[in-house]
Novice: 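Sharing a structure here in structure tokens format.
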Number of protein chains: 2
Amino acid sequence: MLSNSSKYALKAVLYLALHTDEINKIMVKDISERINVPKAYIAKLLQELSKRKIISSTKGPKGGFYLNASNRNETIMQIIEVIDGKKKLESCILGLEDCNEQKPCPIHRLISPSRSKMITLLETKTINDLATDLELNKTFLPV
Amino acid sequence: MLSNSSKYALKAVLYLALHTDEINKIMVKDISERINVPKAYIAKLLQELSKRKIISSTKGPKGGFYLNASNRNETIMQIIEVIDGKKKLESCILGLEDCNEQKPCPIHRLISPSRSKMITLLETKTINDLATDLELNKTFLPV
DNA sequence: ATAAAAACATGATATTAATCATATTTAAGA
DNA sequence: TCTTAAATATGATTAATATCATGTTTTTAT
Ligand code: FES
Ligand code: FES
């Protein structure tokens, strides 16, 4: 469903949501340790997210990664899109070129409603929404 | 979501459902051509499915692969399980060791109901069900 | 100005999944 | 019973992901 890279990216961004802001930044070494993902690997992902303005960063001493208010309103899907590309979730489950109601493959109707629901949720929920759940201990983000 | 291998396997089994029985078998070379999957690749998958009794086969001249009545009542999920393993669909989308309601990850509640629905359907629908839809032109299986 | 600390850019290696190849076994038919 | 046509078993190669490494640029503080 999601690549390892997307999972890691999502974890990292949620960690940033809980522990950073414009004042309190965190560097890749610390993120890596806290979410238990290899430093060089998560660094590459964070750099990509930063380039696409999903997260923020500043170089140099006292620099690091963080989320600003605008970043917090990005949706889950935007992260997934940057890392995995959009088609991955929407493509035909049997690998048909294009997935639609007019010429559905044998399992299209079985999974399409559930999948659409899922996609809509991922497109709607923001980083902030998930961070709030975590803060209220409604959900958990183990290492 | 599904591996390439599972997709191919599913296509192949559906093709068998439409075009074979105990009398009329088909050999791997022909399946390969009709579903547009490399011969050596689909051969390996069919052999695995045959070993697990999801499909039937006989060796030697006039031999080939086919579905018997019992095969037709296998569910979609059984095919996926043989090829991909069950955990692939049920595992936590963030890669958490175990996915459950007690300690849900931040997106568990977003996707869990849809995913459960999907899994139930895959566990319920049989090869025969899908083949019937195809025969009635309710669904399509392009190459 | 300069040194140090951080992200950034780029590329190399390792692991896994996808694909291909081939020798062996089994069954049908002459 | 011998030849041939098929699946079967096993392994090799290739391609895609995941992982790691390192030099470059920017910024802060001396
Ligand atoms: S056509 Fe296959 S999932 Fe939509
Ligand atoms: S705990 Fe992550 S999807 Fe269930």
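Each chain gets a letter, A, B and so on, in the order the sequences are listed, and its residues count up from 1.
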Novice: Rounded off to whole Å, could you give me the CD-to-C1' distance for the B/E48 and D/dA7 pair?
Specialist: 14 Å
Novice: How many Å lie between CD1 on A/I35 and P on D/dT19, as a whole number?
Specialist: 12 Å
Novice: So does B/R109 pair up with B/E101, basic N to acidic O under 4.0 Å?
Specialist: yes
Novice: What parts of residues 52-61 of chain B reach DNA chain D, counting only heavy atoms under 4.0 Å away?
Specialist: B/S57, B/T58, B/K59, B/G60, B/P61
Novice: Between B/L45 (CG) and D/dT8 (P), how many Å, whole number?
Specialist: 13 Å
Novice: Donor-acceptor pair, distance only, cut-off 3.5 Å: does the side chain of A/S32 make one with the backbone of A/V28?
Specialist: no
Novice: What is the nucleic acid contact for B/I83, judged by heavy atoms within less than 4.0 Å: base, sugar-phosphate only, or nothing?
Specialist: nothing
Novice: In terms of side-chain heavy atoms of B/N4, which of C/dA7, D/dT19, C/dA18 is nearest?
Specialist: C/dA18
Novice: Any side-chain N or O of A/Y8 less than 4.0 Å from the OP1 or OP2 oxygen of D/dT19?
Specialist: yes
Novice: Round to a whole Å and report the spacing from CD1 of A/I31 to P of C/dC8.
Specialist: 11 Å
Novice: Going by an N to O cut-off under 4.0 Å, is there a salt bridge joining B/K86 and B/E123?
Specialist: yes
Novice: Let me know the distance between OH of A/Y41 and C1' of C/dT10, rounded to the nearest Å.
Specialist: 17 Å
Novice: Hey, are A/E48 and A/K44 close enough for a salt bridge, meaning a charged N less than 4.0 Å from a carboxylate O?
Specialist: no
Novice: To the nearest Å, give me how far apart NZ (A/K62) and P (C/dA7) are.
Specialist: 13 Å
Novice: For residues A/L122 and B/L96: do they belong to one hydrophobic cluster (side chain heavy atoms under 4.5 Å, members Ile, Leu, Val, Met, Phe, Trp, Tyr)?
Specialist: no
Novice: Checking all strands, does B/K44 fall into the base, sugar-phosphate, or nothing category for heavy-atom contacts under 4.0 angstrom?
Specialist: base
Novice: Is any side-chain N of the basic residue among A/K29 and A/E33 closer than 4.0 Å to the acidic one's carboxylate O?
Specialist: yes
Novice: Consider the side chain of A/F65, meaning its heavy atoms from C-beta on, and name the nucleotide among D/dT8, C/dA7, D/dC20 that approaches it most closely.
Specialist: C/dA7
Novice: Give the rounded distance in Å between these two atoms: CE of A/M27 and C1' of C/dA7.
Specialist: 12 Å
Novice: For the CD1 atom of A/I93 and the NE2 atom of A/H108, what is their distance to the nearest 0.5 Å?
Specialist: 10.5 Å
Novice: Reading DNA chain D from 5' onward, which residue's closest nucleotide shows up sooner: A/D84 or B/A43?
Specialist: B/A43
Novice: Over how many whole Å does the gap from A/L2 atom CG to D/dA18 atom C1' extend?
Specialist: 15 Å
Novice: For C/dC8 and A/S50 - does any side-chain N or O of the residue sit under 4.0 Å from the phosphate oxygens OP1/OP2?
Specialist: yes
